[in-house]
Structures are given as C-alpha cells and as structure tokens.
Amino acid sequence: MNQQSPQPDVNNNAIKPIVVGLLGYGTVGRGTHTILLRNAKEIARRAGRHIEIKSAAVRNTKRDTAGPINLTTDHQEIISDPEIDIICELMGGTEQAYSLIKQAILSGKHVVTANKALIAIHGNELFSLAHERGVMIAFEPAVAGGIPVIKAIREGLTGNTIEWLAGIINGTGNFIMTEMRDKGADFSSVLEQAQALGYAEADPTFDVEGIDAAHKLSILASLAFGIPLQFEKVYTEGISRISQEDVLYAEELGYRIKHLGIAKRSNNGIEMRVHPTLIPHRRLIANVDGVMNAVLVKGDAVGPTLYYGAGAGAEATGSAVVADLVDVVRTLTADPEHRVPHLAFQPDALSDLPICNIEDIATSYYIRLLASDEVGVLADITRILCDNGISLESIIQKEAHQTSVTQSVPVVMLTHEVKEAQLNKAIKQLATLTTIDSNIYRIRVETLATN
Ligand code: HSE
C-alpha cells in the first residue's frame, strides 16, 4: 500500500455506507443483491464505501430475497425514505417507472436503471431534469446486459470520431437465429424455448420485432454521435419473416443472418436501423451465438473494437448495475458540472444531425424470389434490375419446387451496393411480372469491413 496516501478504511464504521432502494426485485434485482453480498469487500475497496440495499418495492412481499432487506408494496416508501441515497429501478415498463424516477430525481436521489425503453423514450427529459437537480442517472445495464459498452463508448473512446457501430443487442433474437441455423429449428418453436429459459421480454414481440434492439440502438447512437435520443426514428424490422431457406442460402453464399442494430454516420446524416442482416461468416461478430451479445464499434483513431458478453441474466446484468452504483458513489463528491455527461457529450453540445430515412441508405441486398421455370424469366429479372441501376454480384437458380400446376424455381441474388429507394422500385416492378411470385424477400447485406 502506498504509505504517502492512505486509502479510506472502508471497514471503519464511521464511514456511512451508501444506502440503496430497489424498485423491483425480479431476476436482475436478485442478481444485484447476490453480487453486493458476495463481493461486498471487493466492491467497498473499489467504491471507498460499503453499498447496502435497504429495501425493495415489489408486487408480493412474500417472496424470497438473497439477503435481509425490507420488502414493501409501496413504491413511495422507497422514494421518500431519507436514508436512501440511490434508487435502483429494475421494474421495467415505462409509465410507472417514469413517474417514480422523476420523483426520485426531484427528491435529490441518484438513479441507476436497467430500463432501456424508459431511457430511449424519456431519457432526454430525465437527463435534463437530473442535470438541473445535480443528480446522476446511470444506465449501463440497459444496453447489452453485463457488457460495459456504454462506459467503453462514453469514456474509453472519447478521443475518437465514431464512424459506425453494429451490434447483436437482443439475446432472444440471436438465440432464435442461432438455433434456426444450427438445429434447423423453426422460428416459433425456438421462441417458445427462449421464453421458457426466461430470456424474452414480457411481450416477446419486443424481441422478435426488433423494438427492444431499437431502444438499445437509439441509446448507443446518442452516445456515439452526441445526438439526442430519437427512438422513434429508428428503422425497425424483425426476424419473424426469416425462413429456414434464407438461413441455408445465406450459409451457401458464405454469410450468416444476424439481427443487427446499426448506427452509422453517412453523408445524409445518421443512420439508425435494426433489421436482419447478412454478414460474412468469417467476421468475429458473425460467430456470436446463442443469447450472447456483441457490439462492434469503429472509431477513426482506434479502428474496430468489439465488446462481447452476456446480454441478459441475473448476475450478468447485476454486474452492470453494481458497476453503476460504484460509479455513482465515486462521483458523489464531484461537482455535478464535472461529472461524465449522461450522453457522453456535454448537454449543450448535442448535435441536431438529421436521422436518415431508410430509403436513403445504400447497402447490398440478398433477394430471394420464386419464378416460373420458363425461358426468359431470368432475363426479365436482370433487365428490371439493370434498368434501376442495380448491379448483381451473384445470381443462383436453386432446385425446382413442384407445385400442383406449375414448376417454380427459387432464385437467389446478391446485389452490389445500391440506394434502398432504387431497390424498392425494382422490387415493385419485379412483383408485377406474371412469371414471378409477388412475395419477394430481401435482406440487407453488410460487409462490416473495418478498413
Ligand atoms: N429480452 C432482452 C434480450 C433482455 O433478449 O436481450 C435483455 O435486455
């Protein structure tokens, strides 16, 4: 130990512990409590103070807890308890959580929250209120569970102009895509499995339709580019239309389908989009399987950086909650003006860069359609693509499907980069051909090249 600068004696009873009140005591609350008890000494050595959970507001006070705490069904009791320094919101949902957090801020309490929907939707207002009142809102557990990606972007990459980021930020969706590929399982049976394992959101459409990922992406984009939270502008497309065929054809072409959240600086502004994406199978992120999450961030100075880990789960998410608690404790004595800003950039330095419309993005596409097995059909397809300035990287005609009346063949194409508006126009024209089934599937392709 350094003799010159004695460390605070965290075992000294004179140093008052930091007292935490939980709103919600579910999976993450229990995980957080377990960590705080098990690693109490290590955490106190880091924070300089002991951190103790005093009480939790729950729906049913009969439940078991990881250690001794008071349970109450009255949320107000926690908010108005003068002994509680930090409110930890782990209840989820937006309406009640929003009103409770607002009250906590107005009572001068710091807040730690795992609630991505709340931050994505009400974050701008809550951060501004917290700034005014000199309290902190920490939200590391809201994105990618236990991965410290918020801290990495907000603090570790401050020297960079961030060019883009791409993340697998919903474990349930990634679990579904992985099982479809590895086990040939169909979408709905894997979803049931994910629900049984407790990964899925209360409303699983939030996972499979990309809403949960869009909440998280809007948070990451704000931290990366210094823009206000704009969840409502994220283009969001789910994975429920991905078929076994697409998974197999993608593999044949050397790609994997992942449900990605992508945020990118482009000439038109900022792109924020969540959709199934073909990525080259050799990329590290293409090999992130099961419920694991990963975020790839490209900075102009550091180059590509990849953050990988558990995106959900009791102790994994609890790990991020505890990290936030320690962060809050460490800065309690700091002048509020000199704390790390909530969205990485100083609140008065956020930029009003426009958010791109999905039709303005440019990328490559995988297209799958069903065509009659007749002379000239492929020529018609390529002519329409050519007329719309779309160049093909490859075109494959698969084995014929025999229907009761006609024989049809799946045709799979990969395009070169093209503006989405042009592709949409071409798809509309293709759908008018009598020799083509009007259900034309397309999946965006991203190379995620880092040079
Ligand atoms: N439902 C979310 C997921 C939980 O599957 O990733 C963590 O946010």
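Each residue takes its place number in the sequence, starting with 1. Both counts, for ligands and for their atoms, begin at 1 and track the order of listing. In what follows, every heavy atom counts, from backbone to side chain, and hydrogens, waters and symmetry copies are set aside.
Across Lys102, Glu95, Gln96, a single residue satisfies side-chain hydrogen bond (donor to acceptor under 3.5 Å, both in side chains) together with Tyr98, and that is Lys102.
Distance from atom 5 (O) of ligand 1 to its nearest protein heavy atom, with residue and atom name: Thr172 OG1, 2.7 Å. Closest to atom 2 (C) of ligand 1, if we only count protein heavy atoms, is Glu201 OE2, 3.1 Å.
Listed by number with element, the atoms of ligand 1 under 4.0 angstrom from any heavy atom of Gly171 are 3 (C), 5 (O), 6 (O). Residue Asp207 approaches ligand 1 through these ligand atoms, each under 4.0 Å from one of its heavy atoms: 1 (N), 2 (C), 3 (C), 5 (O). Atoms of ligand 1 lying under 4.0 Å from any heavy atom of Gly311, numbered from 1 in the order shown and given with element: 7 (C).
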Salt bridge (Lys or Arg N to Asp or Glu O under 4.0 Å), that's the test. Do Glu163 and Lys298 meet it? Break it down for me. CA-CA 6 Å; Glu163 294 170 1; Lys298 172 79 178 4; 2.7 Å; yes

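The shortest N or O to N or O distance between Ile169 and ligand 1 is not below 3.5 Å. Considering both main-chain and side-chain atoms, Lys116 comes within under 3.5 Å of ligand 1 through a nitrogen or oxygen pair.
Judged purely by atom type and a 3.5 angstrom limit, Ser351 uses its side chain to pair as donor or acceptor with the backbone of Leu353.
Defined by atom type and a distance below 3.5 Å, a donor-acceptor pair is present between the side-chain atoms of Arg256 and Asn287. The closest side-chain donor-acceptor pair between Asn70 and Lys54, if any, does not fall under 3.5 angstrom. When only modelled atom types and interatomic distance are considered, Asn268 and Asp360 share no side-chain donor-acceptor pair under 3.5 Å.
Of all non-hydrogen atoms in Met292 and Asn174, the two that sit nearest each other are O-ND2, 3.2 Å.
The heavy atom nearest to atom 3 (C) of ligand 1, out of those in Asn115, Asn170, Asn174, is found in Asn170.
Put simply, no part of Gly145 is less than 4.0 Å from ligand 1, judged by heavy atoms.
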